[in-house]
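Beneath this line is the structure, given in structure tokens, with notes to follow.
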Amino acid sequence: MLNLKSVFVIALLSASATVSADELTIDTTDLEATLTANLAESMALMQEQLTDDLNTVLVADKQQQESKTATTAKLAE
């Protein structure tokens, strides 16, 4: 049978387990904010690199077209 000390110990352990479970709750708000900021920064960098790459391709394409036009003009003369 349970005596008074056993009941007290069981109650104390139950309360302790409840407090421990509450302490294990992790606040992820800061982590989420950091990840969101890093994601936004990375996306901006990717957009900037993509824009630079596209500009390079467009300039090269325009130069190639101008070169073809100049060659055609010289052949026509």
Side-chain angles (χ1 to χ4, degrees):
M1 289 211 174
L2 295 175
N3 59 17
L4 186 58
K5 286 182 184 178
S6 298
V7 172
F8 179 72
V9 169
I10 291 172
L12 183 62
L13 290 174
S14 296
S16 175
T18 302
V19 170
S20 294
D22 289 342
E23 290 175 0
L24 292 177
T25 303
I26 298 172
D27 183 20
T28 59
T29 306
D30 292 339
L31 179 61
E32 184 180 345
T34 302
L35 290 174
T36 302
N38 288 343
L39 179 63
E41 184 179 339
S42 296
M43 288 178 68
L45 179 61
M46 287 173 50
Q47 180 66 38
E48 189 175 310
Q49 291 172 343
L50 180 62
T51 302
D52 290 343
D53 290 347
L54 286 174
N55 285 339
T56 302
V57 169
L58 290 173
V59 167
D61 188 45
K62 185 174 182 179
Q63 288 175 345
Q64 185 179 17
Q65 287 177 355
E66 288 175 356
S67 175
K68 284 181 182 179
T69 304
T71 303
T72 305
K74 284 183 181 178
L75 291 175
E77 290 178 356

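These numbers come from a predicted model, not from an experiment.
Side-chain contacts under 4.5 Å among hydrophobic residues (ILVMFWY), followed directly or transitively, place L31 together with L35.
Residues passing the side-chain contact (heavy atoms from CB on, under 4.5 Å) test with D30, sequence neighbours excluded: none.
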Tell me which donor-acceptor pairs under 3.5 Å the side chains of residues 52-59 have, and how far apart each pair is, sequence neighbours excluded?
residue : atom : partner : partner atom : Å
N55     : ND2  : T51     : O            : 3.3
T56     : OG1  : D52     : O            : 2.9

Please set out all donor-acceptor pairs under 3.5 angstrom arising from side-chain atoms of residues 36-47, sequence neighbours excluded.
residue : atom : partner : partner atom : Å
T36     : OG1  : E32     : O            : 2.8
S42     : OG   : N38     : O            : 3.0

